[in-house]
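Here the structure comes first, spelled out in structure tokens, and everything after it is commentary.
Below, all heavy atoms of this structure are taken into account, side chains as well, without hydrogens, waters or symmetry copies. Residue numbering restarts at 1 for every chain, and letters A, B, ... go by the order of the sequence lines.
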2 protein chains.
Amino acid sequence: MRPTLQAVAEAVGVSRSTVSNAYSRPDQLSAALRERILDAARQLGYPGPNPTARSLRRGFVGSIGVLFTSQLSYAFTDPFAVRFLAGVGGAAERHGTSMLLVPLPPAQTDARRAVENAAVDGFCVYCAADEEWALDVIRERGLPFVTTAAREDAGPDDRFVGIDERAAAHRIAAHVAGLGHRRVALLADAVLPDASTGPVTLAGADEVWHPTTRDRLAGFADAFAEVGVDWGKLTLVSAAGNSRVAGVAAVAGLFDMPAPPTAVLAGSDVLALGVLDALAQRPGNTNPPVSVTGFDDIPEAATAGLTTVRQPAEEKGRIAAELLLDPPTDPAAGHVLLPTALIVRSSTGPVPRS
Amino acid sequence: MRPTLQAVAEAVGVSRSTVSNAYSRPDQLSAALRERILDAARQLGYPGPNPTARSLRRGFVGSIGVLFTSQLSYAFTDPFAVRFLAGVGGAAERHGTSMLLVPLPPAQTDARRAVENAAVDGFCVYCAADEEWALDVIRERGLPFVTTAAREDAGPDDRFVGIDERAAAHRIAAHVAGLGHRRVALLADAVLPDASTGPVTLAGADEVWHPTTRDRLAGFADAFAEVGVDWGKLTLVSAAGNSRVAGVAAVAGLFDMPAPPTAVLAGSDVLALGVLDALAQRPGNTNPPVSVTGFDDIPEAATAGLTTVRQPAEEKGRIAAELLLDPPTDPAAGHVLLPTALIVRSSTGPVPRS
DNA sequence: TTGAAAGCGTTACCAT
DNA sequence: ATGGTAACGCTTTCAA
């Protein structure tokens, strides 16, 4: 048995309160007594107050949870998510708070349990595809939370940090449309809940599963509608995951079709890089160049010359954590819209004359 | 006030034990009663057993801690650390365990407190420079832990996963020595506790602060000693952090010295990439090529054509977590040495004739 | 400055 | 199958 605070109290011959004070409120006792207590504790091998017991009594834990839709291991694979985490981590660090990464098991029930059981004082919910249930659990627990995707049912007290996905998507799509592209493919992850790969047919962008993906695709579609290319004329391609290889796999065969797309708008940089990989791997590689765009502006995008939308990743994480840790008094300040920028690089160009 | 288990018990007219069982041991009551209880809970807005109270009572938390020496935000900047985390996350996920990332505040006392207060069932200690105190705290708490750096004072029950740093470093240095290089610089982070940048003088590799850095530098030195270049003839360069920019800064001016080094052996890939950046930025850039080596084989190393030592990053994390979560019965199995490989790419070549 | 008492919300054992 | 009771280890009034 590890010694408890009680044991230390007995050893020194004082009450438990006094030992507790020696640790948590040093001003409540004489320095001499405090030293005596701390010495005794050292001698007994008492490691200080048990964190769990302390949390129970105090009513807070000192750590915030980060919730990902996808597998935790996936999160570390996505450069954007990693930089978001770095931002959260920095803020947590400054606050003396730990971050709990909560993996969500595949089964709905287990996932619920995971959120119910997380010992945290609040949650950063990183754009979950199907997050309603998670938010319900969090609300039921009475914990504060911050989301990174705008929500229709957001209450006045709900905190949010993110970008105007649809407007940003519109902007980059308008750039591509302005270059003359009309035969265009839209590539995204989480179009349907079933992670299918390759071209899929949907009646409209509003049927897309993942809210962020939905907004981005809607923004793309907006811009093309303005030049007379409506949803039905766009090729929608689903990727089975947000990764480079998923991007490669998704566009397999796409450019061998009759009248292949002259441009691919991807919902993320990693997918777009996958498209560039796929194009580079094409035998002969003598085809007319295809324009490709991404989203996020991860570091690799610059190297690859990818035209993309930049959003501040670390800042997003930092603000999410700060919104959680220092709730603004003014509820309006709890809704932060970050700026985005269209970054034009070499991956987009005018439609080649065929 | 959020309803407690007690409130649910009263509402249904059963004892607290029964409500508790409804959640934690469904086989202990009839399905009908269980449904009634769960319904009442839903109605009252009871979010399920309080995780903290449950942990206190049960004696375990259901999450493992990951301890980084450096700032938490740094950890996400280092690609190797990120892949390590991915490995830990994958294993944790499979286990239904959360990971707590514990930031260590700069002040020693606060850092101690952070480790003492972390609500976890064990720790993965990711190569901390000055980890003794942390391990002491962990031991005092009676928590299991896994380290990723070999330790001299390791007890028979101490768990470890890592590589033979010194041998791996020896191997890559021997490659460079074999190419004829004799005027060589060794570049590393955490050479001294004070994060100085630029050339420093040390009596020997054993004076290096960070244990891993120490082993690697010792391995480099071993190989050069074999070809008659002893420690005093090597240029030791300290970087103020493990990052690309720290690498650039550290070697500033290095190649403008009389008789500049023809090769730089870095203690990590990011530092080596920084050296390549620095070399690429040199005005004129007409100097004879400098050979550069890294360590870890992060993805960017391949793109940059960096000669380096490969070690399995994710696997390291995965095994660390598994060693913690499923302690092997045979204590010898608690000490895992991972394989490394010398990856020769274009960044190393023969000494140019001057 | 110190101590006594009353929980914090739950679970586990042992009866029934 | 269900309930009573006793912890789990600590903090925090409040009174001395």
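Taking the six-membered ring where the residue is Trp, A:Y23 and A:Y46 present perpendicular rings, their angle passing 60° and hence far from 30°.
The distance from atom CZ of B:R34 to atom P of D:dA1 is 14 Å, rounded to the nearest whole Å. Atom CD of A:Q6 and atom P of D:dT11 are 13 Å apart (whole Å). A straight line from CZ of B:R16 to C1' of D:dG3 spans 10 Å, rounded to a whole angstrom. Rounded to whole angstrom, the span from the CZ atom of A:R25 across to the C1' atom of D:dC14 amounts to 12 Å. The CG atom of A:N50 sits 12 Å away from the P atom of D:dC8 (whole-angstrom rounding). Rounded to whole Å, atom C1' of D:dG9 lies 13 Å from atom CZ of A:R58.
Both B:R57 and B:T18 lie close to DNA chain D; mapped to their nearest nucleotides by heavy-atom distance, the more 5′-ward contact belongs to B:T18. Between A:S24 and B:Q28, the residue whose closest nucleotide on DNA chain D is further toward the 5' end is B:Q28.
Residue A:R54 places no side-chain N or O under 4.0 Å from the OP1 or OP2 atom of D:dC10. OP1 and OP2 of D:dG3 both lie 4.0 Å or more from every side-chain N or O belonging to B:S17.
Taking a cutoff of 4.0 Å between a charged side-chain nitrogen and a carboxylate oxygen, A:D39 and A:R42 qualify as a salt bridge. The pair A:R139-A:D158 meets the salt-bridge criterion, since a charged nitrogen lies less than 4.0 angstrom from a carboxylate oxygen. Salt-bridge formation is not detected for the pair A:D110/A:R113: no Lys NZ or Arg NE/NH1/NH2 atom is positioned less than 4.0 Å from an Asp or Glu carboxylate oxygen.
A:L56 comes within contact range of at least one nucleobase, with a heavy-atom separation under 4.0 Å. If you check every strand for non-hydrogen atoms under 4.0 Å, A:T52 touches nothing. When heavy atoms are screened at a 4.0 angstrom cut-off, A:Y23 is found touching no nucleic acid atom at all.
Tested against A:L100, the residues B:V120, B:V102, B:L101, B:L100 include a single side-chain contact (heavy atoms from CB on, under 4.5 Å) partner, B:L100. A:N242 pairs in a side chain to side chain donor-acceptor pair (under 3.5 Å) with only one of the listed residues (A:T77, A:T213, A:D78), which is A:D78.
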> How would DNA chain D look in dot-bracket form, 5' to 3', counting Watson-Crick and G-U wobble pairs with both distances under 3.5 Å and writing | for bases paired to another strand?
Replying inline: ||||||||||||||||

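There is a side-chain donor-acceptor pair under 3.5 Å between B:S15 and B:T18.
A:R112 pairs by the salt bridge (Lys or Arg N to Asp or Glu O under 4.0 Å) definition with A:E116, A:E140, not counting sequence neighbours.
In this structure, A:Q43 places its CD atom where only 12 or fewer heavy-atom neighbours from other residues, nucleotides or ligands lie under 6.0 Å away.
The footprint of chain B on DNA chain C, defined by a heavy-atom cutoff below 4.0 Å, extends from C:dG9 to C:dA12.
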